[in-house]
Trainee: 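Structure in structure tokens, see below.
Naming convention: chains lettered A, B, ... in sequence-line order (proteins, then strands); numbering from 1 in each chain. For clarity, every value in this text was computed on a predicted model and none was experimentally measured.
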2 protein chains.
Amino acid sequence: MASQNHGLVMENPTINEEIQNLIKKVLAHREFLLLIGNCWITYKGRASSQLEPGERLVVIKEDGSVLVHRPNGYEAVNWQPPGCIFRSRVEDGVLHITAIRRKPTESLSIYFNLIYLLSAMKLKDHGKFTLYASEEDMQKAILLYPSILEEGFKPISYEKKVEPGFIDVYGIDKEGKFVIVEIKRKAAGRDAVLQLSKYMQAVQSMVNREVRGILAAPDVTKGTQRLLATLGLSFKPLNPRKCAEILHKSQSLKLEDFF
Amino acid sequence: MASQNHGLVMENPTINEEIQNLIKKVLAHREFLLLIGNCWITYKGRASSQLEPGERLVVIKEDGSVLVHRPNGYEAVNWQPPGCIFRSRVEDGVLHITAIRRKPTESLSIYFNLIYLLSAMKLKDHGKFTLYASEEDMQKAILLYPSILEEGFKPISYEKKVEPGFIDVYGIDKEGKFVIVEIKRKAAGRDAVLQLSKYMQAVQSMVNREVRGILAAPDVTKGTQRLLATLGLSFKPLNPRKCAEILHKSQSLKLEDFF
DNA sequence: GAGTGGATTTCGCAT
DNA sequence: ATGCGAAGTCCACTC
């Protein structure tokens with residue numbers, strides 16, 4: 001059993017030429033690199049930013065993405081998406097790493113004058129990630145079990161382009177009326193209603209029969225209730241968790257098999 | 001000069017009761033905790049997710065936020081925002097950490113059966129962070145130097161509530177016409193135009209003079225050009241970087257000083 | 001506490 | 001490549 005990982009770990013290394021060569025090698029080999037220490041950062045690209053010195057965690061991943069994390073907060077204070085090219089050097093006891101990106105042209109410069117922890121290694125991760133209870137799950141649930149939306153609803157299709165955008169689901173109700181469904185995985189606000197309203201107008205101008213609009217979401221925000229009434233739209237409470245459960249029972253059906 | 005950080009670093013520790021006690025202490029003391037190793041993860045809350053075993057970096061910050069990073073990708077695969085409460089234990093050589101959150105009720109469970117690197121320390125970071133070239137910068141630039149929008153434009157106010165939402169900036173042009181400005185920090189799409197159009201309708205129904213709409217953005221997306229023309233709105237190219245520069249010259253003026 | 005809009009949003013999908 | 005909407009979005013601000 002391999003309980004040993006062949007990685008590199010250095011505590012409080014002196015920032016000198018040796019470290020420079022080490023960093024260059026690690027970046028060239030595209031290893032997972034982790035630095036904790038005192039650093040300052042400048043960013044220029046879509047926007048610009050400056051971060052005064054402080055103790056942070058910097059992570060450079062194998063795919064060329066960069067994260068700078070402060071000791072607090074969920075979000076990275078600075079970052080770069082995957083695909084960066086790196087330049088590094090040591091000068092006067094300061095490690096300077098620059099992450100460069102094209103399209104858009106951006107550069108993130110990180111300067112360390114103290115390193116508490118440096119670690120570099122190859123990480124293997126082929127584990128599968130599965131997410132349940134997304135808006136897509138709600139959509140699938142409605143398409144496979146239309147009665148959860150409304151008794152007698154017959155879906156026709158989904159993700160239908162109608163100029164202002166895409167209709168999540170549409171079909172026919174038990175009285176033969178056209179039904180447009182807008183799905184939200186959390187409490188729906190005015191924007192969702194306006195979106196639905198636009199789709200209805202677009203469809204109304206195309207088909208020659210009554211068009212209904214249904215907002216399917218776990219909840220609506222307060223003012224939205226009134227807006228719904230004003231526009232003559234209806235609201236169907238629908239829980240994403242519940243939809244995921246329904247799908248779980250009827251496993252791995254593909255929508256393409258039905259439509 | 002303090003080139004030494006009083007942190008804890010362990011390589012390939014055996015996962016036993018000692019580690020359990022250590023982790024409990026670190027979490028209780030709210031230290032910055034970093035774990036690299038083989039783990040699997042389950043999440044239940046607003047949605048649910050499952051991540052099969054693989055080698056990842058887990059960070060638990062002092063404020064109770066959690067990040068799980070795979071060896072690739074900019075985004076965390078699993079996470080929790082600040083404010084979590086933690087429970088931990090070791091069982092059969094597996095370290096189990098659960099991050100629990102109220103409102104919404106969520107739990108993130110992390111299981112390590114191999115730890116390559118464990119590090120815990122207190123990080124000090126009081127460095128100031130400054131970001132330039134936001135939409136707010138563009139707004140300020142227009143208000144302080146209205147001519148960058150249009151010669152003769154006189155701003156009246158900003159962030160004005162007009163029922164469908166907030167008007168970024170409004171004022172009077174050199175011919176005395178009402179002007180509504182919608183600002184976007186990047187290429188504006190249909191949504192921006194429709195937003196502006198709504199504001200115009202709302203204002204038109206209130207004031208008794210001609211109302212113009214100007215979309216201020218670095219660019220517009222392709223189809224949007226036509227929509228602008230159809231609705232009789234104009235487009236003013238405006239670069240967020242340039243706005244930031246302008247503001248940089250006239251430093252630290254507050255909008256409240258003018259309006 | 002709820003609602004609304006921005007973000008260096010990122011990501012994925014479809015045109 | 002571009003456009004468009006979702007996200008376990010998060011965050012900040014207003015009401």
Trainee: Taking A:Lys61's backbone N and O only, do any of them form a donor-acceptor pair with A:Arg30's side chain (distance below 3.5 Å, no angle check)?
Mentor: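 No; judged by distance alone, with no hydrogens or angles, the pair does not exist.
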Trainee: Going by atom types alone, do A:Tyr43 and A:Glu106 pair a side-chain donor with an acceptor below 3.5 Å?
Mentor: yes
Trainee: Atom OH of B:Tyr43 to atom C1' of D:dA7: distance rounded to whole Å?
Mentor: 11 Å
Trainee: Can you build the contact string for nucleotides 9-15 of chain D? Use B for base contact, S for sugar-phosphate-only contact, and - for no protein heavy atom under 4.0 Å.
Mentor: SSS----
Trainee: Just the rounded figure in Å: distance from C1' of C:dT9 to CD of A:Gln80.
Mentor: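 Distance, rounded to whole Å: 13 Å.
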Trainee: Would the distance check show the side chain of B:Glu62 and the main-chain N or O of B:Leu123 forming a donor-acceptor pair, the cut-off being under 3.5 Å?
Mentor: yes
Trainee: If only side-chain N and O atoms count, and only distance matters, is there a donor-acceptor pair under 3.5 Å linking A:Ser49 with A:Asn78?
Mentor: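 Present: a donor and an acceptor within the cut-off.
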Trainee: In whole angstrom, what separates B:Leu194's CG from D:dG5's C1'?
Mentor: 14 Å
Trainee: Less than 3.5 Å apart, any donor N or O on the side chain of A:Arg185 or A:Ser134 sitting next to an acceptor on the other?
Mentor: no
Trainee: Does B:Lys184 reach a base, just sugar-phosphate, or nothing at all? Heavy atoms under 4.0 Å.
Mentor: sugar-phosphate
Trainee: How long is the line joining NZ of A:Lys222 and C1' of C:dG1, in whole Å?
Mentor: 9 Å
Trainee: Can you check whether A:Arg190 has a side-chain N or O nearer than 4.0 Å to OP1 or OP2 of C:dG3?
Mentor: no
Trainee: Base, sugar-phosphate, or nothing: which does A:Ser134 touch, judged by heavy atoms less than 4.0 Å apart?
Mentor: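 The residue A:Ser134 makes sugar-phosphate contact but no base contact.
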Trainee: Angle class for the B:Trp40/B:Tyr111 ring planes (parallel below 30°, perpendicular above 60°, tilted otherwise)?
Mentor: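 Aromatic pair B:Trp40/B:Tyr111 classed parallel.
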Trainee: Judged by each residue's nearest nucleotide on DNA chain D, which is more toward the 5′ side, A:Ala133 or A:Lys103?
Mentor: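 On the 5' side of the pair lies A:Lys103.
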Trainee: Check the distance between C:dC13's P and A:Gln139's CD and give it to me in whole angstrom.
Mentor: 13 Å
Trainee: Sticking with atom C1', work out how far D:dC11 lies from D:dA7, rounded to a whole angstrom.
Mentor: 14 Å
Trainee: If you measure only the distance, is there a donor-acceptor pair under 3.5 Å linking the side chains of A:Thr98 and A:Ser109?
Mentor: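 The criterion, which ignores hydrogens and geometry beyond distance, is satisfied for A:Ser109 and A:Thr98.
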Trainee: Do B:Asp191 side-chain and D:dG5 base share a donor-acceptor contact under 3.5 Å?
Mentor: no
Trainee: Would you mind classifying the nucleic acid contact of A:Val220 as base, sugar-phosphate or nothing, using non-hydrogen atoms under 4.0 angstrom?
Mentor: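 Counting heavy atoms under 4.0 Å across all strands, no contact is made by A:Val220.
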Trainee: Would you mind reading off the distance between A:Lys44 atom NZ and C:dT8 atom C1', rounded to a whole angstrom?
Mentor: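 From A:Lys44 NZ to C:dT8 C1': 13 Å.
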Trainee: Provide, to the nearest angstrom, the distance between the CD atom belonging to A:Glu136 and the C1' atom belonging to C:dC11.
Mentor: 13 Å
Trainee: Could you work out the separation of C:dT4 and C:dT8 based on their P atoms and round it to a whole Å?
Mentor: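 It works out to 23 Å between them.
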Trainee: Mapping B:Tyr132 and A:Thr224 to their closest nucleotides on DNA chain C, which lands nearer the 5' end?
Mentor: A:Thr224
Trainee: Rounding to an integer number of Å, can you tell me how far A:Ile183 CD1 sits from D:dG5 P?
Mentor: 15 Å
